[in-house]
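Please read the structure below before turning to the comments.
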Amino acid sequence: MEQELKIDDINDLIQRRIEELNELQKMKITPYQYSFDVNAFSSDIKNDFEKFEGKNVKIAGRIMALRRMGKASFAHIQDIKGRIQFYLKQDEIGEENYKIFKLSDIGDIVGVCGKVFKTKTGEISVHSDSYTLLAKSIRPIPIAKEVVDENGNKTIFDQFVDKELRYRQRYVDLIVNPEIKDIFIKRSKIITELRSFLNSKNYLEAETPVLQPIYGGAAARPFVTHHNTLDMTLYLRIADELYLKRLIVGGFDGVYEISKDFRNEGIDRTHNPEFTMLELYVAYRDYFWMMELVEEMINNICIKVFGTTEFEIEGKKINFKAPWQRISMTDEIQKITGLDVLKANENEIIKILKSKNVELTGKENKGKLIDLLFEATIQPNLIQPTFIIDYPLEISPLAKKHRKKEGLVERFEGFVMGREICNAFSELNDPIDQRSRFEEQKKLGDEGDEEAHQIDDDFVRALEYGMPPTAGLGLGIDRFVMLLTNQPSIRDVIFFPQMRNL
RNA sequence: GGGCGCGUAGCUCAGUGGUAGAGCAUCUGCCUUUUAAGCAGGGGGUCGAUGGUUCGAGCCCAUCCGCGCUCACCA
């Protein structure tokens with residue numbers, strides 16, 4: 001049975017492979033097999049040659065290099081752990097099987113059985129006595145040839161480097177640049193350790209709605225969608241916060257969620273429209289307590305996943321070891337600029353901002369101006385892990401007023417390498433204050449601030465029933481993974497980053 | 001959104017006004033321990049798209065599409 005060609009970007013390379021496929025089928029070979037009993041992996045064999053030498057192994061993987069020399073051949077296959085060479089010759093596997101092998105291409109998935117041996121030139125290989133085509137590849141993969149010199153330095157020729165194609169066709173990227181798998185494995189371990197740390201504290205992993213009639217918990221523009229049967233507008237969540245706090249009202253005293261949030265905003269090195277966020281709320285605790293928890297949690301992840309708290313990130317040595325420095329935002333601004341922003345009027349702050357070439361829209365309130373001043377003067381210098389504490393009230397509509405300092409809230413953000421990695425507060429649990437904060441936000445919204453918070457009456461009602469004092473935390477997983485794995489772009493830590501349609 | 005840059009064979013790239021190239025990949029032949037295997041020979045292109053300038057455009061100009069870097073925005 002000949003395969004119909006229904007491939008839009010057919011070329012002669014694909015054409016030829018389909019012809020091979022048909023030839024295999026004429027030979028009654030099934031080019032897409034059902035299973036293969038793998039019992040060994042490339043790097044295990046190479047790392048423990050003494051144990052494997054002379055033993056029969058069954059390995060499987062993708063052919064990544066082929067060297068055919070008439071009636072004998074060498075090839076490399078790539079499995080989950082790396083690459084290994086196999087050798088086969090016609091005398092040993094028979095003409096029929098050798099013909100099947102000759103119809104194989106780089107990219108095919110194959111299974112090989114045979115004895116482990118070392119070639120004349122010293123490469124640990126599998127001397128195959130059977131060869132099975134498991135899945136025929138009809139689309140050629142970009143071939144990158146590798147050379148490892150005697151010092152172990154790897155040179156890669158013609159590496160697949162087009163970033164656009166790598167992101168759009170991540171499956172090819174993973175085949176051809178397998179070292180990136182490690183980043184994603186690290187990402188997975190980080191999330192696993194995060195979850196196991198939080199579970200060890202007996203916090204409940206909760207699932208809250210992605211589709212929300214009122215979005216909230218952050219300042220961001222949402223994605224809008226529509227439910228047909230209910231005939232109502234729904235928003236993809238921009239944060240989990242308000243639902244998780246409802247669970248605290250309901251009597252859970254520790255809840256967390258690791259989930260996707262969606263923000264309809266720009267895309268760049270640090271922003272993907274959907275991203276993974278950890279949010280955690282713990283009853284009867286405040287933001288001081290939460291700072292210690294963050295230190296403990298991050299130290300734990302560093303040790304469990306990387307075995308150290310010391311990292312080299314973009315050439316700088318970073319140590320996550322607790323305790324982190326704690327700096328008051330307004331004190332530090334005063335130290336650096338000489339201005340007491342709490343007492344100063346807006347014009348005094350604007351004057352300094354202008355001298356720093358910060359562009360203003362003219363709509364900023366005092367809290368926003370203070371935040372801008374912080375970003376311009378202090379944030380870039382926060383290289384080692386640092387907590388900035390006590391933020392202006394106007395930019396923190398869900399945080400509790402500071403117990404001592406007028407105009408501020410009990411909020412902290414953690415910074416590393418000048419970048420924010422987490423955000424936390426003593427949560428606002430005064431329903432009357434919360435309603436007036438929402439009303440302030442509504443004013444901003446009415447004035448055109450597209451990111452202003454919506455009024456969530458049901459959330460206020462929940463607070464009216466009474467929410468215990470609570471500490472809350474948000475931690476952006478993608479950016480955290482970027483830091484720990486030293487990746488320059490969020491797209492390098494997300495398997496399938498959002499791309500424009502072609 | 002602004003600035004800079006990129007888009008040529010499956011991959012990596014050269015080609016700055018005069019017949020579209022190289023290496024790898026691929027095909028044919030030879031080759032039973034090779035390893036960027038080798039030797040000999042061959043095929044493969046809407047040069048991102050559209051329009052313009054020119055006797056002549058991959059190259060110059062304009063517009064558009066896509067991507068990258070960067071700045072702004074995104075607390």
Side-chain angles (χ1 to χ4, degrees), chain A residues 9-17 19-20 64-76 83 85-93 98 105-107 117-123 125 127 137-149 154-168 172 176 218-221 238 263-273 275 329 357-361 364-365 367-372 374-375 379 388 391-392 394-399 409 411 413 420 423 444 449-453 474 488-489 491 497 499-502:
Chain A
D9 57 345
I10 192 96
N11 62 45
D12 63 324
L13 298 177
I14 293 176
Q15 180 72 52
R16 189 193 55 71
R17 286 169 179 226
E19 282 160 14
E20 284 177 349
M64 297 303 286
L66 268 177
R67 289 176 295 282
R68 286 194 268 239
M69 297 159 300
K71 297 183 180 63
S73 300
F74 288 92
H76 275 94
R83 289 187 184 189
Q85 179 173 261
F86 68 89
Y87 173 65
L88 92 187
K89 55 180 170 179
Q90 187 172 285
D91 287 357
E92 288 166 353
I93 64 159
Y98 200 73
D105 288 291
I106 289 174
F117 79 116
K118 207 178 255 184
T119 64
K120 265 203 302 215
T121 51
E123 177 159 354
S125 309
H127 194 128
S137 163
I138 59 168
R139 188 176 288 275
I141 58 171
I143 293 303
K145 293 205 172 186
E146 298 182 6
V147 186
V148 182
D149 68 20
K154 201 196 285 187
T155 310
I156 300 175
F157 297 86
D158 296 342
Q159 190 166 21
F160 180 59
V161 289
D162 184 317
K163 285 200 174 176
E164 175 184 357
L165 280 175
R166 291 181 58 192
Y167 298 141
R168 285 186 193 276
V172 177
V176 178
R221 283 147 66 193
I238 58 171
R263 297 188 185 175
N264 205 341
E265 289 168 349
I267 296 177
D268 64 23
R269 208 173 69 252
T270 58
H271 296 81
N272 194 62
F275 60 100
M329 179 189 271
N357 294 319
V358 177
E359 284 181 35
L360 299 173
T361 63
E364 293 87 356
N365 58 36
K368 178 71 188 164
L369 291 170
I370 294 170
D371 193 43
L372 287 170
F374 162 74
E375 285 174 12
Q379 181 173 342
I388 293 296
Y391 280 65
E394 302 96 308
I395 59 167
S396 316
L398 302 165
V409 294
R411 170 178 177 183
E413 291 190 352
E420 177 200 331
N423 182 16
L444 295 175
D449 183 348
E450 290 184 273
E451 285 157 6
H453 219 286
S489 168
R491 291 176 158 181
M499 304 286 282
R500 205 181 293 268
N501 270 333
L502 285 181

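For the numbers below, each heavy atom of this structure counts, side chains included, while hydrogens, waters and symmetry mates do not.
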Is any side-chain N or O of [X] under 3.5 Å from a base N or O of [N], one able to act as donor and the other as acceptor?
{"X": "Asp12(A)", "N": "U26(B)", "result": "no"}
{"X": "Asp268(A)", "N": "C73(B)", "result": "yes"}
{"X": "Glu123(A)", "N": "U34(B)", "result": "no"}

By the 4.0 Å heavy-atom rule, please label [X] as base, sugar-phosphate, or nothing.
{"X": "Gln379(A)", "result": "nothing"}
{"X": "Arg269(A)", "result": "sugar-phosphate"}
{"X": "Glu92(A)", "result": "nothing"}
{"X": "Asp371(A)", "result": "sugar-phosphate"}
{"X": "Gln85(A)", "result": "base"}
{"X": "Val176(A)", "result": "nothing"}
{"X": "Arg166(A)", "result": "nothing"}
{"X": "Arg67(A)", "result": "base"}
{"X": "Tyr391(A)", "result": "nothing"}

In whole Å, I'd like the distance from the [atom1] atom of [X] to the [atom2] atom of [N].
{"X": "Glu164(A)", "N": "C11(B)", "atom1": "CD", "atom2": "P", "result": "12 Å"}
{"X": "Arg17(A)", "N": "U26(B)", "atom1": "CZ", "atom2": "C1'", "result": "9 Å"}
{"X": "Lys163(A)", "N": "C6(B)", "atom1": "NZ", "atom2": "P", "result": "17 Å"}
{"X": "Gln90(A)", "N": "U32(B)", "atom1": "CD", "atom2": "C1'", "result": "9 Å"}
{"X": "Tyr167(A)", "N": "G66(B)", "atom1": "OH", "atom2": "P", "result": "18 Å"}
{"X": "Leu398(A)", "N": "A75(B)", "atom1": "CG", "atom2": "P", "result": "13 Å"}
{"X": "Leu372(A)", "N": "A72(B)", "atom1": "CG", "atom2": "P", "result": "12 Å"}
{"X": "Arg68(A)", "N": "C27(B)", "atom1": "CZ", "atom2": "C1'", "result": "11 Å"}

Please state the [atom1] separation for the pair [N] and [M] - nearest whole angstrom.
{"N": "G18(B)", "M": "C24(B)", "atom1": "P", "value": "28 Å"}
{"N": "G17(B)", "M": "U54(B)", "atom1": "C1'", "value": "9 Å"}
{"N": "C27(B)", "M": "G7(B)", "atom1": "P", "value": "30 Å"}
{"N": "U8(B)", "M": "G23(B)", "atom1": "C1'", "value": "15 Å"}
{"N": "A36(B)", "M": "G42(B)", "atom1": "P", "value": "26 Å"}
{"N": "A49(B)", "M": "C59(B)", "atom1": "P", "value": "10 Å"}
{"N": "A72(B)", "M": "C11(B)", "atom1": "P", "value": "35 Å"}
{"N": "C60(B)", "M": "C55(B)", "atom1": "C1'", "value": "16 Å"}

Whom does [N] pair with, Watson-Crick or G-U wobble, provided both distances fall under 3.5 Å?
{"N": "C24(B)", "result": "G10(B)"}
{"N": "U54(B)", "result": "none"}
{"N": "G44(B)", "result": "none"}
{"N": "U16(B)", "result": "none"}
{"N": "A36(B)", "result": "none"}
{"N": "C4(B)", "result": "G68(B)"}
{"N": "A75(B)", "result": "none"}
{"N": "C59(B)", "result": "none"}

May I ask you to verify if any side-chain N or O of [X] is less than 4.0 angstrom from the OP1 or OP2 atom of [N]?
{"X": "Arg16(A)", "N": "C27(B)", "value": "yes"}
{"X": "Lys145(A)", "N": "A25(B)", "value": "yes"}
{"X": "Arg139(A)", "N": "G10(B)", "value": "no"}

Mind checking the [atom1]-[atom2] spacing from [X] to [Y]? Nearest 0.5 Å is all I need.
{"X": "Asp105(A)", "Y": "Glu20(A)", "atom1": "CG", "atom2": "CD", "answer": "4.5 Å"}
{"X": "Glu364(A)", "Y": "Ile395(A)", "atom1": "CD", "atom2": "CD1", "answer": "12.0 Å"}
{"X": "Arg411(A)", "Y": "Met329(A)", "atom1": "CZ", "atom2": "CE", "answer": "7.5 Å"}
{"X": "Glu394(A)", "Y": "Asp371(A)", "atom1": "CD", "atom2": "CG", "answer": "10.5 Å"}

Name the orientation class of the two ring planes belonging to His127(A) and Tyr87(A) (parallel below 30°, tilted from 30 to 60°, perpendicular beyond 60°).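 The arrangement is perpendicular - the two ring planes meet at more than 60°.
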For residues Pro142(A) and Val172(A), report the shortest heavy-atom separation together with the two atoms involved.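 Heavy-atom minimum between the residues: CD-CG1, 3.5 Å.
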Nearest heavy atoms of Lys89(A) and Ala72(A), plus distance in Å: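 What the structure gives for the nearest pair is CB-CB, 3.8 Å.
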For Thr119(A) and for Ser489(A), find the nucleotide of RNA chain B with the closest heavy atom, then tell me which residue's nucleotide is more 5'.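 Closer to the 5' end of RNA chain B: Thr119(A).
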Using heavy atoms to find the nearest nucleotide of RNA chain B for Lys71(A) and Arg411(A) separately, return the residue whose nucleotide is more 5′.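 First, find each residue's nearest nucleotide; the 5'-ward one identifies Lys71(A).
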Any idea which of [options] is nearest the [X] side chain?
{"X": "Ile106(A)", "options": "C31(B), A75(B), U26(B)", "value": "U26(B)"}
{"X": "Val161(A)", "options": "A25(B), C13(B), U32(B)", "value": "C13(B)"}
{"X": "Leu13(A)", "options": "G10(B), U34(B), C11(B)", "value": "G10(B)"}
{"X": "Glu451(A)", "options": "U26(B), U34(B), A75(B)", "value": "A75(B)"}
{"X": "Glu20(A)", "options": "A25(B), G66(B), C27(B)", "value": "C27(B)"}

Going through the checks in order, is the side-chain contact (heavy atoms from CB on, under 4.5 Å) test met by His453(A) and Leu398(A)? CA-CA 10 Å; His453(A) 219 286; Leu398(A) 302 165; 3.7 Å; yes
Between Arg221(A) and Glu265(A), is there a donor-acceptor pair closer than 3.5 Å when you use the side chain of the first and the backbone of the second?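 Here the side-chain-to-backbone pair does not exist.
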